[in-house]
Amino acid sequence: MVPIGPGESAGACLIEDLGKLDSACEIILSCVHGNASTSGGKRIRHISGAAGRARQLNAGAAAARGDWLCFLHADSHLPPDSIARLREALNEGDALRYFDLRFSADGPALMRLNEAGAWIRSRWLGMPFGDQGLLLPREWFERLGGFDERLDCGEDHALVWTARKAGLALRPLRAPIFTSARKYAERGWLHTTLLHLRLTAGQARVFSRIRRDA
């Protein structure tokens, strides 16, 4: 399931990657009213609704028919081994699973430090983010209340905290997912990295205190 914001479209790489999944797996693009995407082929389901990542993700989850839900960013790329690992995880026990973040070659060389930081944040601190892909059983997603539509940003981070409090295990898929590093090249590596660190720390302080019925 991929949310598509205003002016966005799902990357050709991601559509091609997801096309390698079994035909029983649904591929849903959740778009904004008036911005319906035409990405993909016959296997792609397009839905449209109100703007907002949390609302779009929840709408996609409501439209899905499967027992597992996987949320991905539009500019992600999953190599063949990661697609295979995703298939395997559908037959494993209940958990919120995530990929290991890797950055494409469109950013600074220092992005290797950001990859290491994402590994520490997710594996040691238990805070995987949406750009790592989030996979969890539908039953648990509904029990957790879905994504918090009151939030303007950080809905993925908040869901992870809710899952932790509810006792759902966080487990790495031990496979990579690639995402673009263009914004680091455009806005400056240090400025963008420090901004994300501040946002992460601030969100963690807030989300760790929020209680939702689960």
Side chain of [X], backbone of [Y]: donor and acceptor closer than 3.5 Å?
X    : Y    : answer
R138 : G66  : yes
W68  : L90  : yes
E26  : R65  : yes
S30  : Q56  : yes
R171 : G93  : no
S82  : A175 : no

Nearest non-hydrogen partners of [X] and [Y], listed with the distance:
X    : Y    : value
I27  : G19  : CD1-N, 4.3 Å
P137 : A95  : CD-O, 3.5 Å
S180 : D106 : OG-OD2, 2.7 Å
L96  : A163 : CD1-CB, 4.0 Å
A61  : L69  : CB-CD1, 3.9 Å
A64  : M1   : CB-CE, 4.1 Å

- Message: Do the side chains of E92 and R97 get close enough for a salt bridge, i.e. N-O under 4.0 angstrom?
- Response: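 Salt bridge: yes.
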- Message: Tell me every residue that passes side chain to side chain contact (heavy atoms under 4.5 Å, CB included) with L197, counting only those two or more places apart in sequence or in another chain.
- Response: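 Residues passing side chain to side chain contact (heavy atoms under 4.5 Å, CB included) with L197: T193, L194.
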- side chain to side chain contact (heavy atoms under 4.5 Å, CB included) with L151: which residues, sequence neighbours excluded?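 Residues passing side chain to side chain contact (heavy atoms under 4.5 Å, CB included) with L151: D148, A158, F207.
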Return the [atom1] to [atom2] distance between [X] and [Y], rounded to the nearest 0.5 Å.
X    : Y    : atom1 : atom2 : answer
S208 : M127 : OG    : CE    : 9.5 Å
L14  : D75  : CG    : CG    : 8.5 Å
T162 : F147 : OG1   : CZ    : 10.0 Å
I177 : L72  : CD1   : CG    : 5.0 Å
I47  : L29  : CD1   : CG    : 9.0 Å
C70  : L18  : SG    : CG    : 8.0 Å

Is there a path of hydrophobic side-chain contacts, each under 4.5 Å between heavy atoms of I, L, V, M, F, W or Y residues, that connects [X] with [Y]?
X    : Y    : result
W189 : F178 : no
L78  : W119 : no
L101 : L113 : yes
F129 : L199 : no

Identify, with sequence neighbours excluded, every residue that meets side chain to side chain donor-acceptor pair (under 3.5 Å) alongside [X].
X    : value
D17  : H77
R123 : D100
E16  : none
R164 : none

- Message: Test side-chain contact (heavy atoms from CB on, under 4.5 Å) on L86 and F99; report intermediate values, then the result.
- Response: CA-CA 9 Å; L86 180 59; F99 291 98; 4.2 Å; yes
- How would you list, by chain and number, every residue that makes a salt bridge (charged side-chain N to carboxylate O under 4.0 Å, His left out) with D81, sequence neighbours excluded?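 Expected list: none.
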- Query: Excluding sequence neighbours, so at least two apart, what forms salt bridge (charged side-chain N to carboxylate O under 4.0 Å, His left out) with E88?
  - Reply: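 So E88 forms a salt bridge (charged side-chain N to carboxylate O under 4.0 Å, His left out) with R85.
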- Query: Which pairs count as salt bridge (charged side-chain N to carboxylate O under 4.0 Å, His left out) when at least one residue sits in residues 53-64, sequence neighbours excluded?
  - Reply: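 Sorted result for residues 53-64: R53-E155.
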- Task: Hey, could you give me each pair passing salt bridge (charged side-chain N to carboxylate O under 4.0 Å, His left out) that has a residue in residues 110-119? Not counting sequence neighbours.
- Result: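 Every salt bridge (charged side-chain N to carboxylate O under 4.0 Å, His left out) pair that includes a residue of residues 110-119, provided the two are not neighbours, is R112-E115.
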- Side chains of D156 and F71: closer than 4.5 Å at any heavy-atom pair?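 Contact flag for D156/F71 side chains = no.
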- Task: Kindly indicate whether the side chain of P176, heavy atoms from C-beta on, has any atom under 4.5 Å from the side chain of P79.
- Result: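 With C-beta onward as the side chain, the pair touches.
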- Message: Before you tell me yes or no, could you show the steps for L168 and F141 under side-chain contact (heavy atoms from CB on, under 4.5 Å), namely the whole-Å CA-CA distance, both residues' side-chain angles and the distance that decides it to 0.1 Å?
- Response: CA-CA 10 Å; L168 180 61; F141 180 78; over 6 Å; no
- Message: Suppose we screen for ring-ring contact (aromatic ring centres under 6.0 Å, His included). Which residues come up paired with Y98, at least two apart in sequence or across chains?
- Response: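 Y98 satisfies ring-ring contact (aromatic ring centres under 6.0 Å, His included) with no other residue.
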- Item | side chain to side chain donor-acceptor pair (under 3.5 Å) pairs, two or more places apart, involving residues 194-207 |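 Every pair satisfying side chain to side chain donor-acceptor pair (under 3.5 Å) with a residue in residues 194-207: H157-Q203, K183-H196.
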- Task: Before giving the answer on side-chain contact (heavy atoms from CB on, under 4.5 Å), spell out for L57 and L159 the whole-Å C-alpha distance, their side-chain angles and the decisive distance to 0.1 Å.
- Result: CA-CA 12 Å; L57 290 165; L159 181 70; over 6 Å; no
- Give a yes or no on whether R87 atom CZ has more than 12 heavy-atom contacts from other residues, nucleotides or ligands under 6.0 Å away.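 Enclosed: over 12 neighbouring heavy atoms sit under 6.0 Å from CZ of R87.
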